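Nothing here was measured: the structure is a model prediction, and the numbers come from that model.
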Amino acid sequence: RTAIATLSFSHPVSDSALRARLAFEEQLSSGRKGSVPVASIRYDDHHLRAFVHSPALPLQEVPSTLRLELHAGVHAALDVSARSQSKRHEATLQRPGRYGLSIEAVKAVIVDSDKPKPSRALSVQTSHLVATKTLTNAVAAFLLPLHHPTREPQKGARRAPHRWRSPALIDKRILSHAQRIRLEPTFRGRTPARGAPHGFRFRAPAGRYLYVRVGEELTSRGGYTLRSAHRVIVRVPEVPTQLLTASPGALLNLRGQRKIGLIVRNLQALKVEVGRILPKQLHHLVRLRWSQRSLFDQRDQGKRGFGDAMDLAEVHTKTLPVKAGEAARPYTLDLAPFLARATPAGTRHGLFFLRLSAHDPDTKRSETHIERLIMLTDLGLILKEETSGTRRVFVQSLSQGKGLAGVDVSLLGRNGRPISRGRSDGRGHLRLAAVNSPESQDHPNAPRVYVARRGTDIALLPYFQSRAPRRHRR
């Protein structure tokens, strides 16, 4: 046990001046004071930081306060005539007594790993560094009974699970009905870093209660011990519901399967909401979510969400049973029936809004997990900007892989009016004239989205303003 103080200086400090003005002082809880010598001082390579070490401190019965005093007059090492330190500084450190060890937190957590099913672990946080083997021998966990063993329910009433609250009410009679839980340390053969909690894997039903006891025989590496046993009751957590898309894509080929892959866990039912964005409302949608990344990216849902898109579409809703357990598994969602309902007769294309929510059939509550846009089209767009500002567009058929002729491409502004337009040639190429974007993005003519139309088929690409400076010929 050694106290170490770190001092930082603006210039390389003089070692002799620093040693002459440093002193340790210790004050006990009784008010009695005593001096502690400075054992050594170490510096970094530039002498801008000094590490002051005290001598080895013996284990004491009562806590105390250790104070380091730095008196005025410390100066730089190279220029003695330079301005020296004019103020007195001090730093304090609480030195614990023999019973300075304490349990700061005990809680049950869910631990995800590369395995499909997550595990439950007991997290134990100590105030001082404790060896894993020492803590494993001192901690014990018991699964409390589902019902209170000494309380009988009222006649005709259903016996509900008991909510265990106070560890002081747990006696030997209740523990005789409890089951001891095996704790397996996660840091097998090693001790976690200072400040990190210890972890113990265990198996117990979700929603039940554990009675955890850490014995007073627990000792830290510095020799500190618990004054008394630590007792606490923790609830076994439930595995959180997981609903993720297996891929970030947002394009469905008109000739391919209309299915998306999901990863589900602890999910009873899936609520699906699908709506087709009206073609005349596209510029409103892009006005709300016009950035290059967030138009189709579901990762942005927690920041802005797609809730405004619901006002631009006719939404169809259906709930599907899933019944996924605690182990994550793949789930294929066929969107064909939903897209057919949301698409007008004679039309197979469009931009669709998709919302997936975890639904609880018992409480009738839904929690949204995925919100995204999906485009069902046969039109593929590639756009390149030239140094002059002209944009070259290539349109191809996704099903045939060839360029398409006669496709109308327009660049729409914030007000929905076309700023620039063109039609693809026999190879699927066209050029759009350079656009002078207004300085304000709220201007009615601020460009927002490229829209390609071929009959009833439609595709769009967000407008992206290049930040690279353009080079003009003189």
Quick check: closest heavy atoms across [X] and [Y], and the distance to 0.1 Å?
{"X": "Leu18", "Y": "Ala50", "result": "CD2-CB, 3.9 Å"}
{"X": "Arg391", "Y": "Tyr450", "result": "CD-OH, 3.2 Å"}
{"X": "Val106", "Y": "Val212", "result": "CG1-CG1, 4.1 Å"}
{"X": "Trp164", "Y": "Pro145", "result": "NE1-O, 3.0 Å"}
{"X": "Gln242", "Y": "Leu244", "result": "NE2-CD1, 3.7 Å"}
{"X": "Thr132", "Y": "Pro185", "result": "CG2-CB, 3.8 Å"}

Short side-chain donor-acceptor distance under 3.5 Å, Gln94 and Thr65: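 On atom types as modelled, these side chains qualify, holding a pair under 3.5 Å.
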Separation between [atom1] of [X] and [atom2] of [Y], rounded to the nearest 0.5 Å:
{"X": "Leu175", "Y": "Leu144", "atom1": "CG", "atom2": "CG", "answer": "7.5 Å"}
{"X": "Leu270", "Y": "Ser357", "atom1": "CG", "atom2": "OG", "answer": "8.0 Å"}
{"X": "Glu216", "Y": "Leu101", "atom1": "CD", "atom2": "CG", "answer": "12.0 Å"}
{"X": "Arg165", "Y": "Ile233", "atom1": "CZ", "atom2": "CD1", "answer": "9.5 Å"}
{"X": "Lys259", "Y": "Leu252", "atom1": "NZ", "atom2": "CG", "answer": "12.0 Å"}
{"X": "Ile4", "Y": "Leu68", "atom1": "CD1", "atom2": "CG", "answer": "12.5 Å"}

Side chains of [X] and [Y] in contact at under 4.5 Å (non-hydrogen atoms):
{"X": "Val322", "Y": "Arg329", "answer": "yes"}
{"X": "Pro55", "Y": "Val36", "answer": "yes"}
{"X": "Leu262", "Y": "Ile370", "answer": "yes"}
{"X": "His47", "Y": "Phe9", "answer": "no"}
{"X": "Thr245", "Y": "Arg372", "answer": "yes"}
{"X": "Pro205", "Y": "Leu143", "answer": "yes"}
{"X": "Tyr43", "Y": "Val13", "answer": "yes"}
{"X": "Thr2", "Y": "Ser54", "answer": "yes"}

Without swapping roles, check the side chain of [X] against the backbone of [Y] for a donor-acceptor pair under 3.5 Å.
{"X": "Thr186", "Y": "Gly199", "result": "yes"}
{"X": "Arg21", "Y": "Ala72", "result": "yes"}
{"X": "Thr241", "Y": "Asn266", "result": "yes"}
{"X": "Arg231", "Y": "Tyr211", "result": "no"}

Criterion side chain to side chain contact (heavy atoms under 4.5 Å, CB included) on Leu22 and Leu7, from CA distance to verdict: CA-CA 11 Å; Leu22 271 179; Leu7 306 179; 4.1 Å; yes
Steps toward side chain to side chain contact (heavy atoms under 4.5 Å, CB included) verdict (Val232, Leu210): CA-CA 8 Å; Val232 67; Leu210 296 181; over 6 Å; no
Option among Val214, Leu135, Ile103 that satisfies the side-chain contact (heavy atoms from CB on, under 4.5 Å) test with Val130: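 Result for side-chain contact (heavy atoms from CB on, under 4.5 Å) with Val130: Leu135.
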Side chain to side chain contact (heavy atoms under 4.5 Å, CB included) between Phe353 and Leu373, worked out: CA-CA 5 Å; Phe353 168 80; Leu373 296 174; 4.1 Å; yes
Over 12 non-hydrogen atoms of neighbours within 6.0 angstrom of [atom1] in [X]:
{"X": "His128", "atom1": "NE2", "answer": "yes"}
{"X": "Arg203", "atom1": "CZ", "answer": "no"}
{"X": "Arg235", "atom1": "CZ", "answer": "yes"}

Qualifying side chain to side chain donor-acceptor pair (under 3.5 Å) pairs, either residue in residues 99-116, two or more places apart: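 Matches after skipping sequence neighbours: Ser102-Ser127, Asp112-Arg265.
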Full working for side chain to side chain contact (heavy atoms under 4.5 Å, CB included) between Val239 and Arg120: CA-CA 9 Å; Val239 175; Arg120 294 177 173 87; 3.8 Å; yes
